[in-house]
Each structure stands twice: as C-alpha cells, then as structure tokens.
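A short worksheet on the structure shown next.
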Amino acid sequence: MLHLITNTPVKHKISILRDKRTGTKEFREIAGELAYILCYEAFRNAPCAHGSVESPMGLTASYTIDENEYVFLPILRAGLGLVDGLLSFLPNAKLGHIGLYRDEETLQHVKDYYKVPRDIERKTVFILDPMLATGGSALAAIEILKEQGVKDINMICLFAAPEGVSAIESAYPDVDIYAAALDERLNDSGYIVPGVGDAGDRLYGTK
Ligand code: PRP
Ligand code: URA
C-alpha cells in the first residue's frame with residue numbers, strides 16, 4: 001500500500017532535488033531531510049511503551065519507541081543517501097546493507113552484498129531507496145527478506161513511478177511504501193520522469 005506524503009514542505013524539498021542545478025552537497029542534505037520526514041510519518045502510529053517520566057514540574061506519562069525493533073536496509077548505493085536522515089530520527093535502529101546487480105542474461109536482480117542483523121526476521125524492516133522505478137530492485141530485496149522469514153516489511157523512497165508501485169502492490173500487498181512524490185511514468189531506459197535523473201550520481205557526484 002502506498003502512503004504518499006506530499007505536504008508543502010515536502011513539495012518544496014522535492015522541487016530542490018528535481019532542479020538539475022542542485023549540487024551534490026545540497027542534494028544529499030535534502031534527501032536526508034526528506035527521509036527523516038517520511039520516517040516520521042511512517043512512525044505516526046508506531047507502538048510504544050507507556051511509562052512515566054519526572055519533569056522538573058512533576059510526574060507525567062511517557063511514551064518510548066523501542067528502537068531495537070527496527071532495521072533500516074539501504075539498497076546500495078543510492079539508498080545510503082537516506083541513512084543519515086533516518087538515523088537522526090532513530091539513532092539506535094539497526095542497519096543492514098544489500099547490494100544488487102542485474103544479471104544481463106536473465107535480467108534478474110542478484111544480490112552481491114548482504115549483511116543484516118542476525119535476528120532480522122523478528123524486526124520491522126524499512127528498505128531504503130530514493131528511487132522506486134520499475135520496482136525490480138525493491139522486489140528483489142523484499143523477496144530476499146521474505147525468504148529469511150521477515151514479516152514486517154516497509155519501504156521508504158523519495159520518488160516512485162506508478163509502474164514500481166503497481167509491481168510491489170500486486171506481488172506484496174502487505175508491504176507499506178512511503179514516498180514523497182508519485183511521478184508520471186518511466187522512460188524507455190527505466191528512468192522516472194520527471195524524477196531527478198540518476199539518484200546515485202546526484203548523491204555522489206559520479207557523473
Ligand atoms: C537505482 C536506484 C534503485 C534502482 C531503481 O539504482 O537507486 O536501486 O535504480 O530502479 P528499479 O526500480 O527499476 O529497480 P542503480 O541501479 O542506478 O544503482 P546506484 O544506486 O548505484 O546508482
Ligand atoms: N534509478 C535512478 O537513479 N533514477 C531513476 O529515475 C530510475 C532508477
């Protein structure tokens with residue numbers, strides 16, 4: 001299910017990312033800020049422990065998120081651009097990493113790096129990738145997590161294409177997708193239009 005978060009501050013920041021004149025430093029900062037905002041929305045109704053806290057004025061109710069229950073899983077490389085923003089929201093969340101490449105003969109995504117917390121199947125996992133285009137990378141990551149027994153899978157992306165959203169919704173309707181923009185379409189090369197171009201290149205200055 002898609003949760004599209006498009007309030008005015010989000011649209012403002014998304015517009016800065018789209019601007020081809022935006023440089024690497026600003027692109028990275030804004031991507032992190034948007035990740036923070038999306039995560040904030042994703043946790044709107046998150047479970048929390050109820051207790052009490054003593055303020056200088058007296059005792060009152062407290063609410064605590066158990067950060068240990070969450071794993072952020074960036075898809076290398078562009079997904080790394082969302083990590084700092086999310087860790088500023090939940091500094092004690094666990095971090096996994098997944099690297100995928102596309103086999104040119106089978107066109108299937110193959111994992112070439114995978115390191116996650118040992119008990120990931122018991123955690124709530126957020127896959128991170130700024131771009132959900134065809135959905136191929138996200139589907140591959142979800143499949144790997146499902147095989148490992150992970151039940152609570154979510155995705156945080158900045159830009160989503162209708163094609164990618166449909167692909168995930170039909171294969172894995174239980175996965176929640178949090179996005180800051182639902183764009184028009186994919187072009188013939190699988191790039192999101194209008195999108196931002198190559199997110200990895202924009203984040204790391206590799207073009
Ligand atoms: C980009 C992006 C996603 C993928 C999205 O990564 O970060 O992982 O493409 O496309 P899809 O939905 O069609 O799979 P890319 O392969 O360009 O690698 P990079 O992160 O190293 O730039
Ligand atoms: N990957 C990107 O970096 N950008 C797109 O538009 C699609 C996939």
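Just so you know, these numbers use all the heavy atoms, side chains as well, and skip hydrogens, waters and symmetry mates. Ligands are counted one by one from 1 in listed order, and the atoms in each one are counted from 1 as well.
- Under the rule for a side-chain contact (heavy atoms from CB on, under 4.5 Å), the partners of K11 that lie at least two apart in sequence or sit in another chain are T6.
- Shown here for C48 and Y63, the closest heavy-atom pair between the two residues is SG-CB, 3.9 Å.
- Every protein residue with a heavy atom nearer than 4.0 Å to ligand 2 is included here: M131, A133, G190, Y191, I192, G197, D198, A199.
- V116 is listed as a side-chain neighbour of Q148, based on a closest heavy-atom distance under 4.5 Å.
- S137 and R102 share no side-chain donor-acceptor pair at under 3.5 Å.
- Taking the side-chain contact (heavy atoms from CB on, under 4.5 Å) definition, one finds that Y36 meets it with Y40, S88, F89, sequence neighbours left out.
- No salt bridge links E121 with K151; every basic N to acidic carboxylate O contact stays at or beyond 4.0 Å.
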For ligand 1, output the ligand-protein N/O contacts shorter than 3.5 angstrom; if there are none, return none.
{"unit_1": "ligand 1", "atom_1": "7 (O)", "unit_2": "D129", "atom_2": "OD1", "d": "2.9"}
{"unit_1": "ligand 1", "atom_1": "8 (O)", "unit_2": "D129", "atom_2": "OD2", "d": "2.5"}
{"unit_1": "ligand 1", "atom_1": "12 (O)", "unit_2": "A133", "atom_2": "N", "d": "2.9"}
{"unit_1": "ligand 1", "atom_1": "12 (O)", "unit_2": "T134", "atom_2": "N", "d": "3.1"}
{"unit_1": "ligand 1", "atom_1": "12 (O)", "unit_2": "G135", "atom_2": "N", "d": "2.8"}
{"unit_1": "ligand 1", "atom_1": "13 (O)", "unit_2": "T134", "atom_2": "N", "d": "2.9"}
{"unit_1": "ligand 1", "atom_1": "13 (O)", "unit_2": "T134", "atom_2": "OG1", "d": "2.5"}
{"unit_1": "ligand 1", "atom_1": "14 (O)", "unit_2": "S137", "atom_2": "N", "d": "2.9"}
{"unit_1": "ligand 1", "atom_1": "14 (O)", "unit_2": "S137", "atom_2": "OG", "d": "2.5"}
{"unit_1": "ligand 1", "atom_1": "20 (O)", "unit_2": "R77", "atom_2": "N", "d": "3.1"}
{"unit_1": "ligand 1", "atom_1": "20 (O)", "unit_2": "A78", "atom_2": "N", "d": "2.9"}
{"unit_1": "ligand 1", "atom_1": "21 (O)", "unit_2": "R77", "atom_2": "NE", "d": "2.9"}
{"unit_1": "ligand 1", "atom_1": "22 (O)", "unit_2": "R77", "atom_2": "NE", "d": "3.4"}
{"unit_1": "ligand 1", "atom_1": "22 (O)", "unit_2": "R77", "atom_2": "NH2", "d": "3.1"}

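- The side chain to side chain contact (heavy atoms under 4.5 Å, CB included) with L82 is formed by just one residue from the set L87, L203, L158, D129; it is L158.
- When only modelled atom types and interatomic distance are considered, D198 and Y191 share a side-chain donor-acceptor pair under 3.5 Å.
- Between H97 and Y113, the ring planes are perpendicular. Angles over 60° get that label, and only those under 30° would be called parallel.
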